[in-house]
Amino acid sequence: PEPWALGMRFRDEPEGLHRYVVRRGSQADGAAVGDLPLGEDIWISMISRDGRLVHVRGDTVLQVGDEVLALAPDDQAGASLFRPQ
């Protein structure tokens with residue numbers, strides 16, 4: 001077990017909260033967060049890389065295997081960025 005765990009409990013299921021994994025060949029693979037076509041509807045709130053928290057900034061470059069927690073109106077809005085093209 002890891003020495004740190006982050007857990008949050010909500011009264012209701014969070015609407016629009018999605019977890020993605022950056023896949024090789026996806027639009028997010030090797031791209032800076034600020035260069036992704038997120039539009040107004042997707043907000044990346046957390047990135048985990050090899051079990052460590054990565055600061056989310058416009059110049060943060062995503063890597064294969066990064067776990068991304070994002071808020072998006074529906075899963076398809078963000079999922080296409082993290083799947084191979």
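In this text, all values refer to a predicted model and were calculated from it rather than measured experimentally.
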(message) Do L69 and S48 have side chains that approach each other closer than 4.5 Å (heavy atoms only, starting at C-beta)?
(response) no

From [atom1] ([X]) to [atom2] ([Y]), nearest 0.5 Å:
X: Q27; Y: L62; atom1: CD; atom2: CG; result: 11.0 Å
X: D35; Y: D59; atom1: CG; atom2: CG; result: 9.5 Å
X: R52; Y: I47; atom1: CZ; atom2: CD1; result: 15.5 Å

(message) Do L17 and W43 land in one hydrophobic cluster if side-chain heavy atoms of ILVMFWY residues count as linked below 4.5 Å?
(response) yes

(request) Say whether L53 and L71 are linked into one hydrophobic cluster, either directly or through other cluster members, by side-chain heavy-atom distances under 4.5 angstrom. (result) yes

Check [X] against [Y] and note the closest heavy-atom contact, atom names and distance.
X: V61; Y: D66; answer: O-OD2, 4.3 Å
X: Y20; Y: A72; answer: OH-CB, 4.4 Å
X: G58; Y: A32; answer: O-CB, 3.5 Å
X: A31; Y: L36; answer: CB-CD2, 3.9 Å
X: P84; Y: R24; answer: CG-O, 3.5 Å
X: L38; Y: V33; answer: CD1-O, 4.2 Å

(message) Consider side-chain contact (heavy atoms from CB on, under 4.5 Å). Of V54, V64, V68, which one does R49 pass it with?
(response) V54

